[in-house]
Novice: 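This is the structure I have questions about; it appears just below.
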Amino acid sequence: MGLGVRWTLHGDGRTPAPGAVVRPDERLSWPRTIGLGAQHVVAMFGASFVAPVLMGLDPNLAIMMSGVATVIFLLATQGRVPSYLGCSLSFVGVAAAIRATGGTSATVTGAVLVVGAVLFVAGLAVRRFGARIIHAAMPPIVTGAVVMLIGFNLAPVTAATYWPQDQWTALLVMLFTGLAVVCLRGFWSRVAIFLGLLFGYGISWLFDRVFGKIHSVPGAGAATDHWRLDLSGVGKAEWIGLPSFHAPSFQWSAILVALPVVIALVAENAGHVKAVGEMTGDNLDDKLGTAIAADGAASVLSTAVGGPPNTTYSENIGVMAATRVYSTAAYWAAAGFALLFGICPKFGAIVAAIPGGVLGGITVILYGMIGLLGAQIWINAKVDLRNPLNLVPAAAGIIIGIGGVTLKFTDNFQLSGIALGTIVVITGYHVLRALAPAHMKEQEPLLDEGTSSYDEDAEATAEAAQRASS
C-alpha cells in the first residue's frame, strides 16, 4: 500500500454489504469519506479542545497540530493503523502540577516534549526488538484492562460534566443515537454519531425556544441560567486566524513530574493498536513500535511550537466501532478538517458550541464502546478471570483508572487515573506472577464452581485423606 495514501473502492462506494467492514486500505465514495472524516473530527473535538484549555494552552493550535500529528502517524504506519492523534488528557494533571510550582506554558510544553522524545525512543526499541517485548510486558490481560480503564476513565466526564448540563437532552440524544446505530441502514448507520450531534443541536434549539433558558452548570463554575445552544461565540470569531505559537523551556523538576506518563502512553498506544487489530482482523504487531514512535515524534513536533502532546484517540475507536468503517482515507479527511479548524476560529467556535447535554448523550455510548473493547480483547484471547493472577491486578487497576484514585508522593508529584491504573495493572501482574505458585501460571480457573484443576486437586486430596482415615 506504499505510504498508505491509495485506496480501493469498497463495493459500489455507497452501501457495503450486510456484515461487511470497510478495511483500512479501502474507502467509500469521496463525499461519504469526507463525511466520515467530519464525524471523526466532531468525535475528537470536545476532548482535543477542552484538554489544552485545562492545560492553559491554545486550543486552536491543539486542533491544528492534531491534524499534523495524524498525517505523521498515517504516513509512518503506511496506512495500516487507522487512528486519529488528538491532545492527550493524561497530561492535564501534569500541567496543573507544573503550574502549581510557578511553571509557565513554556515549562509545560518543554517537560512534555521530553516525554515525547522518550516515547519515540521506546517505539524505536519496540521496532528493533519486536512486539514481543510489549507482549511480554503487557499480555492480553494487561492490554485488555488498559483499554478498558482508558474508556471507562472517561465515564466521570460524562456523568459529572456533560450529562448534568441538560439531562433530558442527553437522554434523548442517547436514545436517538442508539436507534440510529442499530436501525439505520447503509451509509446513514455509519454516520449515526454525527446524526446524533445534529439531532442534539436541533433539540437544544427547540428546547430553548419552548422552555427558555436552563439552570445548570455550563461545564465549570456555578449554576447559572443559560441557553442550551449558545452561538454567540461564532459571531465574534474570525474566519481566518493563526493560533498562538511559543517555544518550550526545560526544567528538570517539571520533566521529572511528567516522565511517568510515558508508561501510560506506551500502554495507550499498545491498547489502541491491539483494539484496532481486533476490529479489523489484521495482525498489527509489526506496526506497534512504529505507532509508538510516530506518536512520540508527533508530540515532539507539537510541543516544540507550543502545542499539547498527542496520543491515539480513544474517542475515534468508538466511532470506528459504531460505523465499522476503518478506512484511513477518512482520517486523512479528518486531518484536513483539523488543519482548517486550526486556522479558522469560526469553524472551531461552531463545534465548540456543541451543548453539554448533547455531548452527554453521545459520550455515554462512545465511551462505553471504548471500554468494552477491552473486554473483547479478553474474550478473543480467552483470558480466564477466575484466575486471581489475572483478576486481581486487572480489578485493582480498572477501579483506580475509573475512579480517578490518586497516589501523592510529594506536593509536586502525584499519579492518578489512567497513569496510576496502568502502572498498577502492569506491575501488579508481573509481581504477582513472580510470586504466584506454579499452578496459577500453568493451569486455569478457581474462584467459582466448575471442574477446575484446583478443585480436582482438592477433591483428590480429600478423597485420599478419607481413605487413609478409614
Side-chain angles (χ1 to χ4, degrees), residues 44-45 47-73 85-123 220 238 241-266 268 292-313 338-339 341-345 348 352 408-419:
M44 69 84 192
F45 202 93
S48 271
F49 200 89
V50 170
V53 170
L54 295 176
M55 296 174 67
L57 304 176
D58 183 359
N60 261 68
L61 179 58
I63 298 300
M64 174 188 287
M65 295 311 298
S66 74
V68 174
T70 300
V71 169
I72 292 173
F73 186 91
L85 265 62
C87 180
S88 175
L89 291 166
S90 298
F91 288 94
V92 171
V94 166
I98 293 173
R99 290 184 182 279
T101 59
T104 63
S105 293
T107 311
V108 171
T109 53
V112 177
L113 188 152
V114 175
V115 174
V118 173
L119 184 65
F120 176 75
V121 172
E238 299 291 337
L242 288 175
S244 174
F245 299 96
H246 67 77
S249 65
F250 303 94
Q251 294 182 9
W252 276 111
S253 58
I255 292 171
L256 292 176
V257 169
L259 271 178
V261 182
V262 169
I263 298 173
L265 293 180
V266 170
E268 283 180 5
I292 295 172
D295 187 0
S299 291
V300 168
L301 178 61
S302 177
T303 52
V305 297
N310 294 289
T311 189
T312 48
Y313 242 43
L339 291 173
F341 285 148
I343 62 173
C344 184
K408 186 174 182 179
F409 294 89
T410 68
D411 291 338
N412 301 323
F413 177 61
Q414 63 184 28
L415 290 171
S416 63
I418 292 175

Novice: Ignoring hydrogens and angles, tell me if any N or O in the side chain of S105 forms a donor-acceptor pair with the backbone of L57 under 3.5 Å.
Specialist: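 No; judged by distance alone, with no hydrogens or angles, the pair does not exist.
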Novice: About how many Å separate CG of L242 and CD1 of I343, when rounded to the nearest 0.5 Å?
Specialist: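 Reported to 0.5 Å precision, the distance equals 7.5 Å.
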Novice: How close do T303 and V300 get, heavy atom to heavy atom, and via which atoms?
Specialist: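 Between these two residues, the closest heavy atoms are OG1-O, 3.2 Å.
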Novice: T107 and T104: side-chain donor and acceptor closer than 3.5 Å?
Specialist: yes
Novice: Measuring from S302:OG to L61:CG, what's the distance to the nearest 0.5 Å?
Specialist: 6.0 Å
Novice: Do the side chain of N310 and the main chain of A69 share a donor and acceptor less than 3.5 angstrom apart?
Specialist: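 Side chain of N310 to backbone of A69: no pair is present.
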Novice: Measure across F120 and A293 and return the closest heavy-atom pair with its distance rounded to 0.1 Å.
Specialist: CD1-O, 3.2 Å
Novice: To the nearest 0.5 Å, what is the distance between CG on L113 and CZ on F250?
Specialist: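 It comes to 5.0 Å.
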Novice: Has the side chain of S299 got a donor or acceptor atom that lies under 3.5 Å from a matching backbone atom of G296?
Specialist: no
Novice: Working to the nearest 0.5 angstrom, can you tell me the gap between D295 CG and T311 OG1?
Specialist: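 These two atoms lie 4.5 Å from each other.
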Novice: Give, for atom SG of C87 and atom CE of M65, the distance between the pair rounded to the nearest 0.5 Å.
Specialist: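 Rounded to the nearest 0.5 Å, the SG-CE separation comes to 12.0 Å.
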Novice: Which pair of non-hydrogen atoms, one from P248 and one from A304, has the smallest distance, and what is that distance?
Specialist: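 Heavy atoms of P248 and A304 come nearest at CD-O, 3.4 Å.
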Novice: For side chain to side chain contact (heavy atoms under 4.5 Å, CB included), just list the numbers for T312 and F73, CA-CA rounded to whole Å, side-chain angles, deciding distance to a tenth of an Å, and then say yes or no.
Specialist: CA-CA 9 Å; T312 48; F73 186 91; 4.0 Å; yes
